[in-house]
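A short worksheet on the structure shown next.
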Amino acid sequence: MPTTKQLNSINPATGEIIGSVTRSTEQDVVNAVQMARQHCPDWRETSVRQRQTILAASRQLLLQRRDEFAELITAEMGRPITESLVMEVQASLELIGYYAGHAAKMLKPERLQLHNLFFARRRSLDIKKPLGVIGVISPWNWPLLIPLGCIVPALLAGNCVVHKHSEHTPLINETLLRLFRDAGLPEGVFQIVHGAGEAGQALIDAQVDKLFFTGSTRIGSHVMSECSKNLIPVVLELGGQDATLVCADAHLETASSGLVWGAFMNAGQNCNAVERIYVHQSVADAFVRRFVEKTKRLRMGDPMNPEVDMGPLALKQEFGKMQMMLKSAQERGSIIRCGEHRQQDGHYFAPTVVVTETDQPNIWGDEVFGPLVSVTPVTDMEKAVQLANDNPFGLTASVWTRQPKAGETLAMQLETGTVMINDCIVSFGFPEAPWTGLKQSGIGWMHGKKGFEEMLSVQYINADRQFRRQKFWWFPYGERMLDSMQAGLTFLHSRNVLNKIKVVIKVIGRFWRELLLNRNNPDKL
C-alpha cells in the first residue's frame, strides 16, 4: 500500500489542489466491508417503502444541492459546468426517481406457471433477495451518474454498499456520503473508501458478495481475474471505440451537429464517445465540410464559464497519449482537417478531426478517450457495417438516416450493446434502458430492470398443496410405474391425436387407482 496518507484532488483547469482526503488502508477497507456485512440483516429487513422514502429524500437533497454537485464535478475533472449540471446531476435525478418509483414492483415475487399437467396446480415462485455487500469501483469521467447507477439500485434492493471512487475524483465520493446520510440512510449501509488500485484490490480481497467495476478493458480484465479466485460475481462496464454510420440519405446538417457533440462532449472522455465515423462517399465531402466547420467553432477554456463548450482533459498524462495517437494516424496517411495548430500546453487538447482514405480500416489501435475522431468515406453501408464491427469493442454505435426502418436494419447488424438512430450517447442517461457491452466492452448490465436484477439473487420456491398425496414417481419402482410413465409420455408429448386418446383412459385409471391406494395407505413409501 502507498505510504502517502493524503490523496489530493487537483483541478485540471488550474492545477490547484482543491481538497484532499485520507487514503484508506487495507484494514480500513476490510473494516468497511465487515461493518457493511453487520448492517446487512437490518437493512434487508427494512420495508421497500422505507428504502424508497430514503432514496426519494436523497433525490430532493440532490436537487437542492445541484449547484454544489455540478461545480464540484467541474472542479475535480474539468467538464463544462453546463454538462455537469445536465448530463450528470439531471440524469442522476432521473435515475434515482426511476428506481425509487419502480423498486417495489421489481422486487415482487414472480409466479411461474408450470406447463406440465402433473405440476400445473403447484405454487411456483421466483423470490427476489438482496445479495449482501456490493462493492462498487467507479471512474473519474462520469463521477456522479456512473456510481449512482450501481449504488441506487443496490440500496433499494436491500444490499449494503462499499464504494471506491477514482483516486482522481475523491471529493465527489465524500459529497455522496453526506447526501445519503442527510437523507436518513443508516450509518454503515453505504460506506466509502479512498485510494487507487491498491484500495480496489483490498475491496476484492475483503470478499464482497458482488463487484461492479467501470473502467478500462485492461483493468477490467485484471479485476475479473482477481474476483475469480473467490468466485465473486462481477459486472464490468469497460471501454469502447464507438462507430457511427452516416447514410447517403442522412440529414447532414443534423448529423454533423449531433456527431460534433457526440465526439467532443466531455472532451471525448466517454466510453461511448463517437470515435469513428463511416460516411457514404456520395455525401462525404459535404458532411466533412460541415463537421469540420462546426468543430472549429467549439469554444475551449475555463469549464466554469457557461460559455465554454469544451474544458481540459481530466488527466495531464492523457495529453501525451493524444499526441501519440494523432502522430500514428498521420503516419498511416490520415489527413488532419482541424485541431493541428490549436493544441495547448498541459491539460488542454483541441478537438481534432482526421480524414482517412475510402474504406480504410480503423486507424485507432486502442480506445481514444479524448477529443480525437476519424472520418472515413465508404462505398456502401455494407462496408460501413463491416468496418464498424471489425473491432474488439462492442459498446455503442449510431446510425444517421431519414428512414427509421432502414436504420433499424443496419442497427441490428452492428455488434454493440446499444445503437441509437439519429442521436448518440444520451441513451446512458435513460434510466429505463438496459446498458451492456459486447466483446471486450463489458459483462453484465447496468440501468433498467436488468440492471436492478444484477443486485439480486433469485430463490425458487415450489409448493405442492396436495400434502397428503404421495408422488407416483417415488419409490418403489416397477413395471406398473414404467407402464404408467410410458402412457404419460405419449399423452403429454405425442402429436398423434389417436395415440393420445388411447392412453387417456389408462392415465385416468392409473390416477384414480393411485389416489385410492394413497388414501388407504398414506404411509406408503
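Starting from 1, each residue takes its place in the sequence as its number. No hydrogens, no waters, no symmetry mates; every other heavy atom, side chains included, goes into these values.
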Which pairs count as ring-ring contact (aromatic ring centres under 6.0 Å, His included) when at least one residue sits in [range], sequence neighbours excluded?
range            : result
residues 237-288 : Phe287-Phe291
residues 392-438 : Phe428-Trp435, Phe428-His447
residues 65-85   : none

To the nearest 0.5 Å, tell me how far [X] [atom1] sits from [Y] [atom2].
X      : Y      : atom1 : atom2 : answer
Arg297 : Cys338 : CZ    : SG    : 11.5 Å
Leu55  : Ile96  : CG    : CD1   : 7.0 Å
Thr295 : Leu259 : OG1   : CG    : 9.5 Å
Leu61  : Ser58  : CG    : OG    : 7.0 Å
Glu331 : Ile363 : CD    : CD1   : 11.5 Å
Ile219 : Thr214 : CD1   : OG1   : 13.5 Å

Decide yes or no for [X] and [Y]: does some side-chain heavy atom of the first lie under 4.5 Å from some side-chain heavy atom of the second?
X      : Y      : result
Val373 : Thr352 : no
Ile127 : Val458 : no
Pro434 : Thr418 : no
Leu238 : Ile443 : no
Leu144 : Leu176 : yes
Lys296 : Glu293 : no
Asn270 : Phe369 : no
Ile277 : Val274 : yes

At their closest point, which heavy atom of [X] faces which heavy atom of [Y], and how far apart are they?
X      : Y      : value
Met325 : Trp364 : O-CZ3, 3.7 Å
Pro312 : Gly78  : CD-O, 3.4 Å
Pro306 : Ile81  : CA-CG2, 3.9 Å

Exercise for the section: Could you walk me through whether Val419 and Thr396 pass side-chain contact (heavy atoms from CB on, under 4.5 Å), step by step? Expected result: CA-CA 6 Å; Val419 181; Thr396 70; over 6 Å; no
Mind checking what makes side-chain contact (heavy atoms from CB on, under 4.5 Å) contact with [X], not counting sequence neighbours?
X      : answer
Thr358 : Gln281, Pro377, Thr379
Arg51  : Trp43, Thr46, Val48, Leu107, Leu156
Arg495 : none
Asn499 : Thr490, Ser494, Asn496, Lys502

Look at the side chain of [X] and the backbone N and O of [Y], then say whether any donor-acceptor pair between them is shorter than 3.5 Å.
X      : Y      : value
Asn141 : Gln269 : yes
Ser47  : Gln50  : yes
Arg290 : Leu252 : no
Glu237 : Met446 : no
Glu367 : Gly240 : yes
Asn159 : Ala154 : yes
Thr53  : Arg49  : yes
Thr409 : Lys405 : yes
Arg276 : Ala388 : yes
Asn422 : Thr401 : yes

Counting only heavy atoms not in [X] (residues, nucleotides, ligands), do more than 12 fall under 6.0 Å from its [atom1]?
X      : atom1 : answer
Glu357 : CD    : no
His493 : NE2   : yes
Glu68  : CD    : yes
Leu63  : CG    : yes
Met224 : CE    : no

Handout entry: Chi angles and distances behind the side-chain contact (heavy atoms from CB on, under 4.5 Å) call for Phe212, Ile151
Key = CA-CA 10 Å; Phe212 289 75; Ile151 295 165; over 6 Å; no
Practice task
Any pair with a residue in residues 122-140 that passes salt bridge (charged side-chain N to carboxylate O under 4.0 Å, His left out), sequence neighbours left out, goes on the list, sorted by first then second residue, please.
Solution key: Arg122-Asp464
Practice task
Enumerate the residue pairs fulfilling salt bridge (charged side-chain N to carboxylate O under 4.0 Å, His left out) with a member in residues 439-456, sequence neighbours excluded, ordered by first and then second residue.
Solution key: Lys210-Glu454, Glu415-Lys439
Practice task
Using the side-chain contact (heavy atoms from CB on, under 4.5 Å) rule, take Met381 and Cys247 through it: C-alpha gap first, then chi angles, then the decisive distance, then the call.
Solution key: CA-CA 7 Å; Met381 300 323 289; Cys247 300; 4.1 Å; yes
Exercise for the section: Not counting sequence neighbours, which residues clear side-chain hydrogen bond (donor to acceptor under 3.5 Å, both in side chains) with Ser221? List them please. Expected result: none
Problem - side-chain hydrogen bond (donor to acceptor under 3.5 Å, both in side chains) partners of Ser225, counting only residues at least two apart - result: none
Practice task
Start with the C-alpha gap between Ser334 and Thr356, add the side-chain angles, then the distance that decides, and say whether side chain to side chain donor-acceptor pair (under 3.5 Å) holds.
Solution key: CA-CA 5 Å; Ser334 298; Thr356 67; 5.4 Å; no
Fill in the blank from the handout: In short, side chain to side chain donor-acceptor pair (under 3.5 Å) pairs touching residues 77-101 with sequence neighbours left out are Thr74-Ser84, Arg79-Glu83, Arg79-Glu88, Gln90-Glu94
Problem - Stepwise salt bridge (Lys or Arg N to Asp or Glu O under 4.0 Å) test for Arg299 and Asp309 - result: CA-CA 5 Å; Arg299 298 162 297 181; Asp309 301 309; 2.9 Å; yes
Practice task
Under the side-chain contact (heavy atoms from CB on, under 4.5 Å) rule, what do Ile336 and Val353 come out as? Steps first, then yes or no, please.
Solution key: CA-CA 6 Å; Ile336 300 176; Val353 180; over 6 Å; no
